[in-house]
Amino acid sequence: MDTKKILLIDDDELITMSLEMIINAEEGFSVIGKGNSGEEAIKLFDQHSPDLLLMDIRMENTNGLEAAEQILAKHPDAVILFLTTFSDDEYIVKALKLGVRGYLLKQDYKSLPVALHAAIDGQSVFGGAIVDKLPALMSSTTSSTGFDYKGSDISEKEYEVIQLVAEGYSNKEIAQKLFLSEGTVRNYLSTILEKLQLRDRTQLAIFYLKNAST
């Protein structure tokens, strides 16, 4: 198994040390750099080309969101996972639109090794508290704007299903709203996930929010 290189950025040195111990204890991972600011994140990412950057958001001067934006502009394939104390709606929306791989709260640190594996394997990783917020975020920030699906492989009806999934509706509720059977909704959902190369409803909701017009 190839050892995956992890870069840690957090302005709390005690947290950084604790995370380093957790990560280095997990087979297949090695912390190859640490920093305590967004500026260091940018510099160390260029130096080490890590497989994953685990970073806090609220830091002095250049914060995690600003650092992620600069890193992704230069390294579009960068795998960035936020680990923060704050579940502010504004932060979550900004993070998703930037295209980071995930957003976890520090209280979920016990699930960190699993999250690291999943993120490096290409999955979107979001803590339960963040996932619970998604429907409300869709309704308040993107449901009226959506994204431009025309010219894509997504049909108008599939787009309607995507919108309703993103807003937190169940298959039964979607069927009632669109005057379809639940089986038809399930078929639509399977086709949509295949076309967009997504794994599940949560990833679909995140895709919608990430690509919604501002």
Side-chain angles (χ1 to χ4, degrees), residues 52 57 64-66 68-82 84 86-105 115 117-214:
L52 183 144
I57 289 182
L65 290 167
E66 294 165 339
E69 185 171 15
Q70 292 187 47
I71 290 169
L72 287 166
K74 190 173 181 180
H75 308 278
D77 296 328
V79 178
I80 299 175
L81 186 62
F82 283 127
T84 179
F86 305 99
S87 59
D88 303 47
D89 292 355
E90 181 182 353
Y91 287 168
I92 297 169
V93 172
K94 176 68 172 177
L96 294 176
K97 286 184 174 294
L98 283 175
V100 301
R101 191 60 55 83
Y103 193 116
L104 299 174
L105 298 181
H117 281 292
I120 290 175
D121 287 343
Q123 299 178 40
S124 296
V125 181
F126 295 88
I130 306 304
V131 171
D132 290 343
K133 280 176 167 280
L134 290 179
L137 290 177
M138 305 303 170
S139 298
S140 64
T141 63
T142 65
S143 60
S144 62
T145 53
F147 64 88
D148 184 10
Y149 67 92
K150 295 177 181 179
S152 71
D153 197 24
I154 299 296
S155 70
E156 183 176 356
K157 185 63 70 175
E158 288 169 342
Y159 179 69
E160 291 176 352
V161 172
I162 292 172
Q163 283 184 305
L164 293 172
V165 168
E167 291 173 26
Y169 290 100
S170 66
N171 285 356
K172 182 177 181 180
E173 292 169 330
I174 294 171
Q176 292 172 344
K177 283 182 171 291
L178 299 183
F179 304 102
L180 301 170
S181 69
E182 285 189 63
T184 300
V185 172
R186 284 195 295 271
N187 289 338
Y188 269 121
L189 189 53
S190 295
T191 300
I192 290 166
L193 292 175
E194 183 177 353
K195 284 182 177 181
L196 298 178
Q197 297 185 324
L198 302 172
R199 290 169 52 89
D200 52 38
R201 299 171 73 93
T202 299
Q203 285 198 351
L204 182 57
I206 291 166
F207 172 88
Y208 181 82
L209 179 56
K210 178 181 173 182
N211 289 280
S213 302
T214 55

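All values below were derived from every heavy atom in this structure, side-chain atoms included, with hydrogens, water molecules and symmetry-related copies excluded. Keep in mind that this is a model prediction, so the values were computed, not measured.
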>> One pair to check against side-chain contact (heavy atoms from CB on, under 4.5 Å): F86 and I57. What are the steps and the verdict?
In response: CA-CA 8 Å; F86 305 99; I57 289 182; 5.8 Å; no

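- Residue A68 comes nearest to F82 through the heavy atom pair CB-CZ, 3.8 Å, listed as atom of the first residue, atom of the second, then distance.
- Not a single donor-acceptor pair under 3.5 Å links the side chain of D88 to the backbone N or O of E90.
- The NZ atom of K97 sits 12.5 Å away from the CD atom of E69 when rounded to the nearest 0.5 Å.
- For the pair L52 and A119, the tightest heavy-atom approach, listed with the atom from each and the gap, is CD1-CB, 3.7 Å.
- In the displayed structure, E173 atom CD is contacted under 6.0 Å by more than 12 heavy atoms of other residues, nucleotides or ligands.
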> Is there a side-chain contact (heavy atoms from CB on, under 4.5 Å) between Q123 and H117 once you walk through the steps?
Replying inline: CA-CA 9 Å; Q123 299 178 40; H117 281 292; over 6 Å; no

> Checking side-chain contact (heavy atoms from CB on, under 4.5 Å) for the pair F207/Q203: CA distance, chi angles, key distance, verdict?
Replying inline: CA-CA 6 Å; F207 172 88; Q203 285 198 351; over 6 Å; no

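- Between the CD1 atom in I71 and the CD1 atom in I80 there is a gap of 5.0 Å [rounded to 0.5 Å].
- Between R186 atom CZ and I174 atom CD1 the span is 11.5 Å, to the nearest 0.5 Å.
- With contacts defined as side-chain heavy-atom distances shorter than 4.5 Å, the pair F126/I206 qualifies.
- D121 contributes atom CG, which lies 9.5 Å from atom CZ of R101 (distance to the nearest 0.5 angstrom).
- In this structure, I162 CD1 and K195 NZ are separated by 9.0 Å, a value rounded to the nearest 0.5 Å.
- Within the 4.5 Å cutoff, no side-chain heavy atoms of V185 are placed close to those of L178.
- Nearest heavy atom pair, residue D153 against residue E158, reads O-OE1, 3.8 Å.
- Contact check for I154 versus L196: side-chain heavy atoms found under the 4.5 Å cut-off.
- The minimum heavy-atom distance between A205 and A166, with the atom names listed, is CB-CA, 4.0 Å.
- Taking both residues in full, the closest heavy atoms of A175 and E182 are given as CB-N, 3.9 Å, listed atom of the first, atom of the second, then distance.
- Atom OG in S155 sits 5.5 Å away from atom OH in Y188 (nearest 0.5 Å).
- Across all non-hydrogen atoms, the minimal contact from L81 to Y103 is CD1-N, 4.0 Å.
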